[in-house]
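Input: a single structure, listed below in structure tokens.
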There are 2 protein chains.
Amino acid sequence: MQNVNLDTLFELSEFFRIFGDTTRIRIIQLLMEHDVSVNDIADMLGLEQSVVSHQLRILRTANLVKPRREGRKMFYALDDEHIGEIFNTGLTHILHKKKGK
Amino acid sequence: MQNVNLDTLFELSEFFRIFGDTTRIRIIQLLMEHDVSVNDIADMLGLEQSVVSHQLRILRTANLVKPRREGRKMFYALDDEHIGEIFNTGLTHILHKKKGK
DNA sequence: TCGATATATGAACACATATTCATATTTTCA
DNA sequence: TGAAAATATGAATATGTGTTCATATATCGA
């Protein structure tokens with residue numbers, strides 16, 4: 001097994017916590033396709049711009065997404081391939097469970 | 001991409017939320033090795049029995065663990081291999097990030 | 001520079017949730 | 001059956017967190 005101390009387990013739970021919100025997981029799924037600007041995220045998900053900005057800050061702080069300025073727009077993208085990979089691993093589990101019923 | 005509607009995304013976030021707590025992730029890690037009884041979990045993690053029972057209920061309700069009675073002891077085990085897989089995928093990400101610093 | 005557009009931020013509020021403490025429930029064994 | 005051991009549960013409390021609303025900041029074009 002890999003080296004896991006209490007500190008690492010805490011970070012791990014913090015990391016998973018970020019995925020544990022509907023708004024954030026919807027944003028993550030959207031960004032799996034391609035970069036999207038803040039207002040476009042809000043429009044596509046039917047959310048207020050403020051909600052999106054607040055959640056993007058949480059995602060940014062956790063290094064799950066990274067911003068890129070283009071004129072007065074801000075485009076957000078997933079930070080690395082791991083994010084989508086974890087999303088898909090979880091999704092596979094969910095769909096597998098659903099099938100089982 | 002796989003079929004994902006709003007409902008599935010909600011379930012997915014709920015699923016990840018379970019991993020998003022230090023106590024629960026510690027229990028999960030413990031159960032990755034082998035089944036453990038409630039009091040043993042409490043002892044090994046230095047937690048109160050009540051805390052462990054409460055969190056086990058959450059894990060049980062979310063189908064992440066399953067109980068097995070043996071005498072007056074209850075042994076808990078991970079529900080399927082996916083749980084450990086997701087744990088490891090997340091852990092790999094964390095350790096990778098740490099290395100990068 | 002001024003107005004418009006795009007995004008970020010702060011405070012307030014409502015709600016969810018983890019822990020604690022006390023106690024109930026279940027099972028075993030004498 | 002009654003006591004002890006193992007686990008579960010409920011209420012209370014404190015803390016965390018997502019959304020809302022208002023407003024600040026930043027950038028571009030006229």
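Lettering of chains follows the sequences in order, A, B, ..., and the numbering in each one begins at 1.
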Between B/R72 and C/dT25, does any side-chain N or O lie under 4.0 Å from OP1 or OP2?
no
Are A/L6 and B/V52 joined in one hydrophobic group, where the rule is that I, L, V, M, F, W and Y side chains link up if heavy atoms are under 4.5 Å apart?
no
Under 3.5 Å, is there any donor-acceptor pair linking the side chain of B/Q49 to the base of D/dA8?
yes
A/Y76 side chain near C/dA8 phosphate (N/O to OP1/OP2, under 4.0 Å):
yes
Does the side chain of B/N39 get closer than 4.0 angstrom to OP1 or OP2 of D/dA5 through an N or O atom?
no
Give me the one residue out of B/E81, B/E11, B/H82 that meets side-chain contact (heavy atoms from CB on, under 4.5 Å) with A/H93.
B/H82
Which residue lies more 5' along DNA chain D, comparing A/R17 with A/G71 via nearest heavy atoms:
A/R17
The side chain of B/H54 lies closest to which of these nucleotides: D/dT9, C/dT17, C/dA6?
D/dT9
Taking the side chain of B/R60 as heavy atoms from C-beta outward, which of D/dT17, D/dT9, C/dT27 is closest to it?
D/dT9
To check you understand the geometry: which heavy-atom pair defines the closest contact between A/L78 and A/M32, and what is its length?
CD1-CG, 3.6 Å
Mind checking whether B/F75 and B/I28 sit in one hydrophobic cluster, side chains of I, L, V, M, F, W, Y counted as touching below 4.5 Å?
no
CG of B/D21 versus C1' of D/dT17: gap in Å, rounded?
14 Å
If you look at every strand shown and take non-hydrogen atoms under 4.0 Å, does A/I58 touch a base, only sugar-phosphate, or nothing?
sugar-phosphate
Could you say whether B/L56 or A/R24 is positioned toward the 5' end of DNA chain D, judged by the nucleotide with the nearest heavy atom to each?
B/L56
Looking at the side chain of B/V38, which of D/dA8, C/dA11, C/dA4 is the nearest nucleotide?
D/dA8
Does the base of C/dT9 carry an N or O that pairs as donor and acceptor with the side chain of A/S50 under 3.5 Å?
yes
D/dT20, C/dT17, D/dT17: which one has an atom nearest the side-chain heavy atoms of A/V51?
D/dT20
Is the distance from OP1 or OP2 of C/dA6 to the nearest side-chain N or O of A/R69 less than 4.0 Å?
no
From the set D/dA6, D/dG18, D/dT20, return the single nucleotide nearest to any side-chain atom of A/E48.
D/dT20
NA contact type, B/F75, heavy-atom cut-off 4.0 Å: base, sugar-phosphate, or nothing?
nothing
